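We count ligands from 1, going down the list as the structure has it; atoms in each ligand are counted the same way. If you're wondering where the values come from, they're calculated on a predicted model, not measured in any experiment. Excluded from the calculations below are hydrogen atoms, water molecules and symmetry mates; all remaining heavy atoms, backbone and side chain alike, are included.
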Amino acid sequence: MKQKIVYYCTECGNETPKWAGKCPACGAWNTLDEQLVKPSAKSKVLQTKPISQSVLISDISSAEEIRFKTGMNELNRVLGGGAVRGSIVLVGGSPGVGKSTLLLQLCGNLADSEKILYITGEESPAQLKMRAGRLGIDKGEILVHAGTEISDIFSAISAAKPSVVVVDSIQTTYDSEISATPGSITQVRECAMAIMRLAKEEGFTAFIVGHINKSGNIAGPKVLEHMVDCVLYFEGDQSLGYRILRAAKNRFGSTNEIGVFEMADKGLKEVLNPSEMLLSGRPTDSPGTIVTCIMEGSRPILAEIQALVAKTSFASARRNSNGIDFNRAMLLIAVLEKLVGLKMSECDSYINVVGGLRIDETSADLATLLALVSSYYDKEISSGLAAVGEVGLSGEVRQVAQINQRLAEIARMGFSGCIVPFHSKGEITAPKDLKIIKVKNIKEAIREALTNG
Ligand code: TYD
Ligand code: MG
């Protein structure tokens, strides 16, 4: 039979019958990889039993989702209250962020109650042992299997009959029946699919590690993300001490929650009070900084927003924004130029959210705008003042959701005042000792912020 050739994009997983210099799906250059497909020769591990008969939805016995705690509150929170038995969790992150550390610590926590098999394709068992020693994991039964070939891994799983399996990582796992190289999109997809099928059949919970490439995608992201039950991303700069675990997809819970960890010398430590950590070392008497409160799921977190506005020495002003959507930042700068009359087009503007936090809600608008103004006038805002509110195109300050929860967190962290939108859904219950300053538009907000400073 004639062999068919298809081309896969190594960035996005798109498949095309014809080679091109640029991937038609994601637009990346020179990423199409040639792969041979043998239509009839299916991978051995994929040949499972014939599909059972269809049943009426009313006849399906509703098995309760059974959860078990992972021993780490931050991880439980992101998973939606613990890991679900029989589910597949993909843990993505750039190399060195701490995925193996997280999962090994998870194994350490579960070792007494679960039967664990740790499949390592990246490190030798001796290296794993060294790491476990460093993390203080010496008790309990954790089976380690060093292997990368999928049928070899399957035999290890059948022999061990584990309840939790860690695959570190999916990029090193390969199926020898498929000609593609390990780590290629075909291998990643086929192996993940095979592990997933086995997990559903045998009922074990699988944690699969997936490295992400420079553009922030798990190699073959599209194919993996829709297959698994839960996709967690582990983020954070290696130079920063802390890491954020974020759910990008969760069939058993919300995707809004984040977990915060700190990388210490003995592994990852949970950070129960992220606001405190993010605000530590904050300058108290410099212009261009103010604190806001964002909601990460059900959890309020304080974030410091900094801005630097300085006369430009270039033909056109430079602008950069870190942690806040660039377009959103441009919009705020345009509002300042047009409605407040600041000559922003003659200034370079830089915005930064301290600690590498990424904000994607509009409630930080007001704080961003105030930080810009404060830097423009070179006048500091009182360090006891916070601001929460969305800014509209006509300069109005609009309401934000869950205002009372935010104010409670701001008060808890010892702030003395907070600028809030005049109109709020529901009544604002001001926490004790927190002065609430209601403003209708940005001019009022700027006046309040700079005179209170
Ligand atoms: P690792 O879990 O190997 O990352 P990944 O599996 O995502 O590639 O984490 C490696 C980094 O973590 C490395 O830079 C060293 C650091 N680290 C610590 O700081 N303390 C520790 O106790 C451990 C185990 C790792
Ligand atoms: Mg690793």
Side-chain angles (χ1 to χ4, degrees), residues 70-72 74-75 78-79 83 88-111 116-140 142-148 153 156 164-174 182-183 187-188 191-192 195 206-221 224-225 228 230-248 258-271 277 355-356 358:
T70 61
M72 281 184 263
E74 296 294 298
L75 183 58
V78 179
L79 288 169
I88 319 287
V89 181
L90 180 68
V91 181
S94 44
V97 73
K99 301 178 295 295
S100 306
T101 309
L102 178 77
L103 292 178
L104 195 57
Q105 278 181 266
L106 170 83
C107 294
N109 293 340
L110 294 177
I116 295 167
L117 177 63
Y118 193 108
I119 296 157
T120 166
E122 305 204 333
E123 290 161 308
S124 67
Q127 282 173 316
L128 198 74
K129 168 85 192 162
M130 253 158 58
R131 187 199 291 261
R134 198 135 63 92
L135 298 173
I137 302 168
D138 45 10
K139 60 181 175 50
I142 302 172
L143 276 172
V144 176
H145 176 81
T148 48
I153 290 173
V164 174
V165 173
V166 174
V167 181
D168 190 1
S169 66
I170 194 68
Q171 272 93 358
T172 53
T173 313
Y174 73 99
Q187 287 287 9
V188 165
C191 292
I195 293 166
F207 290 88
I208 300 177
V209 170
H211 293 294
I212 60 176
N213 55 21
K214 57 183 182 307
S215 59
N217 290 323
I218 296 182
L224 285 192
E225 280 192 1
V228 300
C230 192
V231 181
L232 308 183
Y233 283 104
F234 210 25
E235 312 172 337
D237 216 298
Q238 268 196 52
S239 54
L240 297 169
Y242 72 94
R243 308 278 189 270
I244 291 177
L245 191 65
R246 203 183 279 279
I258 64 163
V260 185
F261 295 88
E262 194 182 351
M263 185 59 97
D265 53 348
K266 286 204 173 63
L268 291 159
K269 266 204 333 241
E270 298 178 61
V271 175
M277 189 190 70
R358 204 182 65 213

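- In this structure, the side chain of Gln127 engages the main chain of Ser124 through a donor-acceptor pair within 3.5 Å.
- Taking any N or O of Met263, backbone or side chain, none lies under 3.5 Å from an N or O belonging to ligand 1.
- Ligand 1 lies nowhere less than 4.0 angstrom from a heavy atom belonging to Ser169.
- Taking a cutoff of 4.0 Å between a charged side-chain nitrogen and a carboxylate oxygen, Arg243 and Glu262 do not qualify as a salt bridge.
- For Gly93, the heavy-atom gap to ligand 1 stays at 4.0 angstrom or more.
- With a 4.0 Å cut-off on non-hydrogen atoms, Lys266 touches ligand 1 through its backbone and not its side chain.
- Taking any N or O of Pro95, backbone or side chain, none lies under 3.5 Å from an N or O belonging to ligand 1.
- Listed by number with element, the atoms of ligand 1 under 4.0 angstrom from any heavy atom of Gly98 are 1 (P), 2 (O), 4 (O), 5 (P), 7 (O), 9 (O).
- Checked by atom type and distance alone, the side chain of Glu74 never pairs as donor or acceptor with a backbone atom of Glu270 at under 3.5 Å.
- Under 3.5 Å, the side chains of Asp168 and Ser100 contain a donor-acceptor pair of N or O atoms.
- Remark: ligand 1 and Asp265 share an N or O pair separated by less than 3.5 Å (distance only, no angle test).
- Checked options Leu232, Val91, Leu268, Leu103; the residue passing with Leu75 is Leu232 (criterion: side chain to side chain contact (heavy atoms under 4.5 Å, CB included)).
- Proximity of a side-chain donor or acceptor of Lys99 to a complementary backbone N or O of Ser94 within less than 3.5 Å is detected.
- Side chains of Ser169 and Glu122: a donor on one and an acceptor on the other come within 3.5 Å.
- In summary, an N, O or S atom of Ser100 is located under 2.8 Å from the Mg ion (ligand 2).
- Considering backbone and side-chain atoms alike, Leu135 places every N or O at 3.5 Å or more from each N or O of ligand 1.
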